[in-house]
Amino acid sequence: MSFSISDLLADANFEQPPQIAQVQNKDEDDQVALFDSDTDLSEEEMEELVNVDNNSSDNNFYIQDKINHPELNIVKDSSMDSLVELLQKKKFKNIIVMTGAGVSTAVGIPDFRSPNTGIYSNLGKFDLPNPEDMFDIDYFLYNPQPFYFLFKDLYPDKIKPSKTHFFIRLLADKGLLLRNYTQNIDTLERLAGIPDELLIESHGTLHSAHCVGIKDKPGCHKEYSREFIKEKISAKEIPYCTECGGLVKPDVVFFGEELPQKFFDSYYEDFQKCDLLLVFGTSLKVQPFCNLIDFAKIDTPRCLINNRLAGVTGHPRKGFDFSGTFQKYRRDVFYKGNCDDGSEILAKSMGFEDELNELVKNAEPTAIF
Ligand code: CNA
């Protein structure tokens, strides 16, 4: 193992407020762009932190506080039952839902990192130098073909949103959703009826497209519809701009590109206001999105619903603390399972399970790409 718990604690800077990851870009020093984090812990290392003996005063930074004031803990342990208990006692009014590719796998769109089924495991035929190059803007401008042809393979002909998308839509209908921050580009949130003002498509969307030019020649930014792209790639053609001959790229944020302004305009205030954070179907490996969980106030309960551990760092101010060891208040819950089962449990404890099942049953499959 490459770390010790005391090293992690010694390492952590307790005074520093959470920060959105910054990455240097060749054009502007302070640009905040999308990048894949490679500094985080393996699943085994996360498991060790989750199973740490938190009665040992060496490990538990806030042990004295917690012994003297057990009532300060927001949840009694990291199980879903603790959150259900809380949901039954307290009405949350400003819920933020963060979502990743795991909310769409149930309806047939693969995620990035699931072993065997994820996109990264199935890029062999494209002969890329690295799997991440598929979504890298410099590589795209140099060789756009793999990106366009991946989409042709990727999307089922007709698709409907998952139960989790409809759960989020119902939170919106009931006035409980403060915002849905999604990393997904598949537009299933829109199809589920989550209103635009409550949705932040943090990594862009396949809904629209623009001319981005070609290598060493900036584009004219002319806007194109999804249908335009769809027609071209169905005919196995690369979509070029009819004005300037540049490449027409869906408005998806590639590694190295800036996130939408709406993300930066909203996240700080939203997370300060948030009274419950639900995180669904993400490995929390893409920055700066994964840093958002650190912006919830220290007594805001947070729940990860995912089929494997994610976002555990062992730092008091970074990531989840499912062992209740590193943070002042115990407030993190982990439901290890699939997103739709997690949504069902939440909907049931909030009293709208039947409405949810009705929405799922009545949804019509639609062609999105
Ligand atoms: P990821 O890194 O592939 O992680 C997905 C996580 O979800 C993994 O931990 C999986 O184990 C877990 N998971 C998969 N299916 C389920 C399920 N049914 N229930 C519970 N857990 C599940 O993907 P992230 O979203 O974390 O990474 C961010 C990338 C992925 C963004 O930039 C996206 O644009 C990109 N992406 C989006 C889509 C989409 O729009 N549907 C698809 C593939 C990739």
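Counting starts at 1 for both ligands and their atoms, following the listed order. Computed from heavy atoms alone, side chains included, the values below leave out hydrogens, waters and symmetry copies. Quick caveat, the model's predicted, so the values are computed rather than measured.
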Give the atoms of ligand 1, by number and element, whose distance to some non-hydrogen atom of [X] is under 4.0 Å.
{"X": "R113", "answer": "1 (P), 2 (O), 3 (O), 27 (O)"}
{"X": "S104", "answer": "41 (N)"}
{"X": "G281", "answer": "5 (C), 6 (C), 7 (O)"}
{"X": "G337", "answer": "19 (N), 20 (C)"}
{"X": "S114", "answer": "10 (C), 11 (O), 14 (C)"}
{"X": "I109", "answer": "41 (N)"}
{"X": "V286", "answer": "28 (C)"}

Backbone or side-chain N or O of I185 under 3.5 Å from ligand 1 N or O:
yes

Please write down residue, atom name and distance for the protein heavy atom closest to [atom].
{"atom": "atom 5 (C) of ligand 1", "value": "D111 OD2, 3.5 Å"}
{"atom": "atom 39 (C) of ligand 1", "value": "D186 OD2, 3.5 Å"}
{"atom": "atom 22 (C) of ligand 1", "value": "N307 ND2, 3.2 Å"}
{"atom": "atom 17 (C) of ligand 1", "value": "G102 O, 3.3 Å"}
{"atom": "atom 4 (O) of ligand 1", "value": "S283 N, 3.3 Å"}
{"atom": "atom 37 (C) of ligand 1", "value": "N184 OD1, 3.7 Å"}
{"atom": "atom 42 (C) of ligand 1", "value": "P110 O, 3.2 Å"}
{"atom": "atom 33 (C) of ligand 1", "value": "Q183 O, 3.1 Å"}

From [options] - option closest to [atom] by heavy atom:
{"atom": "atom 7 (O) of ligand 1", "options": "I305, T182, N306", "answer": "N306"}
{"atom": "atom 18 (N) of ligand 1", "options": "L284, T105, V103", "answer": "T105"}
{"atom": "atom 23 (O) of ligand 1", "options": "G100, A106, A101", "answer": "A101"}

Strictly by modelled atom types, are [X] and [Y] linked by a side-chain donor-acceptor pair under 3.5 Å?
{"X": "N357", "Y": "K163", "result": "yes"}
{"X": "Y142", "Y": "D138", "result": "no"}
{"X": "H210", "Y": "D251", "result": "yes"}
{"X": "D111", "Y": "T105", "result": "no"}
{"X": "Y224", "Y": "T242", "result": "yes"}
{"X": "T187", "Y": "R226", "result": "yes"}
{"X": "S82", "Y": "D77", "result": "yes"}
{"X": "S323", "Y": "D321", "result": "yes"}

Measure I119 to ligand 1 on non-hydrogen atoms and call it side chain, backbone, both or neither using the 4.0 Å cut-off.
side chain

So which bit of N338 gets within less than 4.0 Å of ligand 1, heavy atoms only: side chain, backbone, both or neither?
both

Can you say whether the rings of Y267 and F264 are parallel (under 30°), tilted (30 to 60°) or perpendicular (over 60°)?
perpendicular

Proximity flag [X] to ligand 1, non-hydrogen atoms under 4.0 Å:
{"X": "H203", "answer": "yes"}
{"X": "C290", "answer": "no"}
{"X": "C339", "answer": "yes"}
{"X": "G118", "answer": "no"}

Whether S266 side chain and F263 backbone form a donor-acceptor pair below 3.5 Å:
no

Report yes or no: does R331 contribute a side-chain atom to a donor-acceptor pair with the main-chain N or O of T300 at less than 3.5 Å?
yes

Can you tell which of F254, F126, F255 makes a ring pair (Phe, Tyr, Trp, His ring centres under 6.0 Å) with F147?
F254

From the list T182, T164, T282, N184, side chain to side chain donor-acceptor pair (under 3.5 Å) partner of T99 resolves to T182

Mind checking what makes ring-ring contact (aromatic ring centres under 6.0 Å, His included) contact with F135, not counting sequence neighbours?
F112

